[in-house]
Amino acid sequence: MNDAAPNAAPQTFYLKDYKPFGYEVESVKLTFQLSPNATKVHSAIRFSPKADAEDNRFFLHGEQLSLISAKIDGTPVTARLVDGGLECDVPRTSFLWEAEVEIDPAANTALEGLYMSKGMYCTQCEAEGFRKITYYPDRPDVMSTFTVRIEGDEPVMLSNGNPTGAGEGWAEWHDPWPKPAYLFALVAGDLVNHPGSFTTKSGKDVELNIWVRPGDEGKCAFGMEALKKSIKWDEDVYGLEYDLDLFNIVAVDDFNMGAMENKGLNIFNSSCVLASPETSTDANFERIEAIIAHEYFHNWTGNRITCRDWFQLCLKEGLTVFRDAQFTADMRSEPVKRIEDVIALRARQFPEDGGPLAHPPRPEEFQEINNFYTATVYEKGAEVIGMLKRLVGDDNYYKALKLYFERHDGQACTIEDWLKVFEDATGRDLSQFKLWYSQAGTPRVKVSEDYADGTYTLTFEQSTPPTPGQPEKAPRVIPMAVGLLSPNGDEVRATEVLDLTEAKQSFTFEGLASKPVPSILREFSAPVILERETTNSERAFLLAHDTDPFNRWEAGNALAKEVRVAMVLDGAAPDAAYLDALEKLVRDDEQDPAFRALVLSPPSQSDIAQTLHERGHTPDPQKIYDAAETFTQTLAQQLETSLPRLYAATTVEGPYVPDADGAGKRALNGRILSLLTRLDGGEQAARQYASADNMTQQYAALAALMKAEKGEAQSKAFFEQWQDDRLVMDKWFALQIACAAPEATAATAKELTQHPLFSMKNPNRFRAVMGALAGNHAGFHHASGAGYQLLAENLIALDSVNPQTTARMCAAFQTWKRYDSERQAQIQAELERILATSGLSRDTHEMVSRMLSA
Ligand SMILES: [Zn+2]
């Protein structure tokens, strides 16, 4: 009940309409009587009217609830059910609101609110799931303490905060920290814990637990260590201490997101916490470590200081992503982390920023907030904080953060509050910088240079293309980190941050003996697209000599792109000088293996399509695929004599350890193996598959074999070995589609949707198949249109089951205007077909409408 009418244009919410709630919530007491199809929730909430309220309408959100009774101060009242909740006449003094509702967790396949995952009760309340649990002012600026009683026959029953009592069939919890309802959590089920402990810097002992289903106990040790490292790091770097006696993490199989930072009770998608050497790759380990850190860091940046409203989502997410990236850089390798993040930013955020779904990090309107958990809010939000830190310097950054925690602890804040802290701590005017939060689109920065009589001049011109609703953009503050190299490779000017503030601006460097080679946008100091006329030989020079590791990689990456673009547009052969440079680098054992692996990893085919599009060409996915294949084959041949030695030299001996050094070596070893497999018919890969004792090597061997169409036996064996492990099975599903040839991709994916282990109800499995389809660039965009059709059919089928995951996966179509008119017509037809589906969710309706209207 109370859902938007089918296909009616849903309501739009605007930042400018913000009004505080007219009541304080002094305390919340909830009692749950658990039952799969008929859970009763009794709420007792003390409200008091605010003296200065501009609006004292008493409105409580509620969706899909059956109201049994409502009382005020013990007297039954009649509440008016209205769209999205209820209204009631209430006293103008403090009063106790009580309501009893019934909900159906077992029928909740949308996985928002209280739902069931394989017999276990769990919750997901961010952003607006709490309103599916009981009637409540479900908005982040309403903060209160919560007391929770859970009644049921589950062996383990958890909620936020500290345990205050338990007995046969019941458990009680109290969270002393005021929090918004989106941080509420409840878990009940047959769970076992992997325990740990941590003593905080002030000497408080904290009990730590990772709760999993029986059978998964052996996959918790790494997560527990990551949690301890995260707690320690936040004390050491930000001075922030944990504030409860207990910190629980629970792994859940059916989960829409990666993980959720509920106060004291983090709930994780099992793929983001369970790990073992036999079942997880190096990439899985790194991601798990980062996500555990991310959710833990939210305890301060998100929970103690939260968002006033959902338009401010990047206040907590941008900052917390930035903090988890700092953590990973400290735990592993700073340059490697930066390169990985920039690859991800370009793959996910740049296409969003350049397409119909573009929005500023702080959007000004939405229909469904779930659709704004985007790369722009998260990753660009983090880039904006990185720029701020660069502009004010490290000391000022930490000074401002200290002030932020002192001034705003316990509050629900805005971007204005955040920037004011920096202004007050540094004396700097950030009004122009604030444009990063309000303007969408990726700025283009055109660079030109001039050299005369020892003076070198760099001139920058910035502009940002129009985005939906924002035809014109004002110049932003762009921190441009620049270093200069002499022609012999020495650094003649160390990195300096130039503050671009105007549309066109020049900077001069005096006293240079000869024309330098500039290294611009070091460390990727701003999320912009650099446009500069340069030669491949200069790129090769920087790949060999740049003292900034990020820009060394960037030079190689730019060179790789140029070579691919020339192959696609002119049918050119792979550039011999580039092949030589690659060979030299790969064979240089002095170089960091992780760095060599990154340089050897080709730019994605989608990235080449985007580059062609930006230069005014219409990308042909098949040609891009063919160029990639030709290039890799040629590279394998060029390296033929070195490959066996390189393979042996990069093979990690001894027991598997998921650390950064081993991971770097294995990444390079995997790249070498995939090249070798193109020449040796898969002999080495088959040997590695047979002898591998860890998933990283087993998976790398399987992937190399399948890509070469020689992996049938191993794929079968892999299935036999792992069919009972759902996370490994997700890899098996995805890999078959990722390795399929373009003409076979859609058929392979379609066949897998018929597999007995495919399920619409498990977001991980659905994403494994449909995400892999969308990620196989040439296969998804195959001229037949079969990829588009298959995705649309499955999104239509999923929408009634799980709108949130459907809407997010719709974004696979967001780059549709890049392609030729036939493909555009095919995609448009599929988008229109989705939009015409009767009963379409408001989540999907909004996403598809935005893509069609651009
Ligand atoms: Zn987060």
By side-chain hydrogen bond (donor to acceptor under 3.5 Å, both in side chains), which residues pair with Y373, not counting sequence neighbours?
E126
With a 4.5 Å heavy-atom cut-off, do E793 and K750 have their side chains touching?
yes
Write down the atom of G779, the atom of T745, and the distance for their closest heavy-atom approach.
CA-OG1, 3.3 Å
Determine, step by step, whether M760 and N794 satisfy the side chain to side chain contact (heavy atoms under 4.5 Å, CB included) criterion, reporting the C-alpha distance in whole Å, the side-chain angles of both residues, the deciding distance to 0.1 Å, and the verdict.
CA-CA 9 Å; M760 285 265 169; N794 279 277; 3.4 Å; yes
Does a donor on one side chain sit under 3.5 Å from an acceptor on the other, for D253 and N764?
no
Do the side-chain N and O atoms of R687 and Q684 include a donor-acceptor pair separated by under 3.5 angstrom?
yes
Regarding D589 and R596, does a basic nitrogen lie under 4.0 Å from an acidic carboxylate oxygen?
yes
Begin from the C-alpha positions of E590 and K584 and carry the test salt bridge (charged side-chain N to carboxylate O under 4.0 Å, His left out) through to its verdict.
CA-CA 11 Å; E590 299 292 302; K584 203 167 151 228; over 6 Å; no
Any side-chain donor near an acceptor of the partner, T677 and S674, under 3.5 Å:
no
Under 4.0 Å between a Lys/Arg side-chain N and an Asp/Glu carboxylate O for R726 and D216?
yes
Could you check whether E531 pairs with R615 (Lys NZ or Arg NE/NH1/NH2 to Asp/Glu carboxylate O, under 4.0 Å)?
no
Would you say the side-chain atoms of Y656 and D282 include a donor-acceptor pair closer than 3.5 Å?
yes
Do any N or O atoms from the side chain of D725 and from the backbone of V728 form a donor-acceptor pair under 3.5 angstrom?
yes
Would a 4.5 Å heavy-atom cut-off, applied to side chains only, mark L639 and L676 as touching?
no
Taking the six-membered ring for Trp, are H781 and W816 ring centroids under 6.0 Å apart?
no
Answer yes or no: is there a side-chain heavy-atom contact under 4.5 Å between L752 and F758?
no
If the condition is ring-ring contact (aromatic ring centres under 6.0 Å, His included), which residues does F222 pass it with, not counting sequence neighbours?
F285
Side-chain donor-acceptor pair present, K731, N284, cut-off under 3.5 Å:
yes
Close side-chain approach of N269 to V252, heavy-atom, < 4.5 Å
no
Checking R539 against N536: is there a side-chain donor and acceptor pair closer than 3.5 Å?
yes
Flag side-chain contact, heavy atom, 4.5 Å: P763 against F255:
no
Is the F524 ring parallel, tilted or perpendicular to the F350 ring (thresholds 30°, 60°)?
tilted
salt_bridge(D341, K337) N-O dist < 4.0 Å
yes
Could you walk me through whether N256 and T805 pass side-chain hydrogen bond (donor to acceptor under 3.5 Å, both in side chains), step by step?
CA-CA 6 Å; N256 281 333; T805 295; 2.9 Å; yes
For Q688 and Y647, which I'm curious about, is there any donor-acceptor pair between the side chains at under 3.5 Å?
yes
Are any non-hydrogen side-chain atoms of R823 and P621 less than 4.5 angstrom apart?
yes
Sequence neighbours excluded, which residues qualify as side-chain hydrogen bond (donor to acceptor under 3.5 Å, both in side chains) partners of R532?
E449, E538
Do D353 and T442 get their side chains close enough for a donor-acceptor pair, meaning under 3.5 Å?
yes
In this structure, OG of S519 is separated from CG of D546 (nearest 0.5 Å) by 3.5 Å
Going by atom types only, do Q610 and D607 share a side-chain donor-acceptor pair under 3.5 Å?
no
Side chains of T376 and E352: do they bring a donor and an acceptor to under 3.5 Å?
yes
Quick one, D661 and V652 - any side-chain contact, counting heavy atoms below 4.5 Å?
no
Are E334 and R338 close enough for a salt bridge, meaning some N to O gap below 4.0 Å?
no
Would N551 and E554 count as having a side-chain donor-acceptor pair, cut-off 3.5 Å?
no
What verdict does the side-chain hydrogen bond (donor to acceptor under 3.5 Å, both in side chains) test give for S276 and T279, after you've listed the backbone C-alpha separation in whole Å, the side-chain angles of each residue and the deciding distance to 0.1 Å?
CA-CA 5 Å; S276 76; T279 57; 2.6 Å; yes
Is it the case that Q622 and D626 place a side-chain donor and acceptor less than 3.5 Å from each other?
yes
Between R678 and E709, is the closest basic N to carboxylate O distance under 4.0 Å?
no
What pair of heavy atoms forms the shortest contact from Y819 to Q824, and how long is it?
O-NE2, 2.8 Å
Is the side chain of T281 donor-acceptor paired with the backbone N or O of T696 at a distance under 3.5 Å, no angle test?
no
Distance from I292 atom CD1 to E225 atom CD, nearest 0.5 Å?
10.5 Å
What I want to check is whether the side chains of T547 and R522 have a donor and an acceptor closer together than 3.5 Å.
yes
Salt bridge or not for R332 and E289, using N-O below 4.0 Å?
yes
When the ring centroid of F719 is compared with that of F733, is the distance short of 6.0 Å?
no
What is the distance from atom CG of D680 to atom CD of E640, rounded to the nearest 0.5 Å?
10.0 Å
Using the benzene-type ring in the case of Trp, are the ring centres of F550 and W553 under 6.0 Å apart?
yes
With rounding to the nearest 0.5 Å, note down the distance linking CZ in R348 to CD1 in I343.
14.0 Å
Quick one about S604 and S606 (side-chain donor to acceptor, distance below 3.5 Å, no hydrogens or angles considered), yes or no?
no
Backbone of P619 reached by a side-chain donor or acceptor of H617 within 3.5 Å
no
Any donor-acceptor N or O pair under 3.5 Å, side chains Q605, N776:
no
Can you see whether Q698 engages Q721 through a side-chain donor-acceptor pair at a distance of less than 3.5 angstrom?
yes
In this structure, CD of E295 is separated from CG of D324 (nearest 0.5 Å) by 9.0 Å
Aromatic centroids of F322 and H294 separated by under 6.0 Å:
no
Is the distance between the ring centroids of Y788 and H782 less than 6.0 Å?
no
Please tell me if the side chains of I624 and D620 come closer than 4.5 Å, counting only heavy atoms from C-beta onward.
no
Give a yes-or-no answer on whether the side chains of E379 and Q349 include a donor-acceptor pair shorter than 3.5 Å.
no
Is the backbone of A594 close enough, under 3.5 Å, to the side chain of D592 for a donor and an acceptor to pair up by distance?
yes
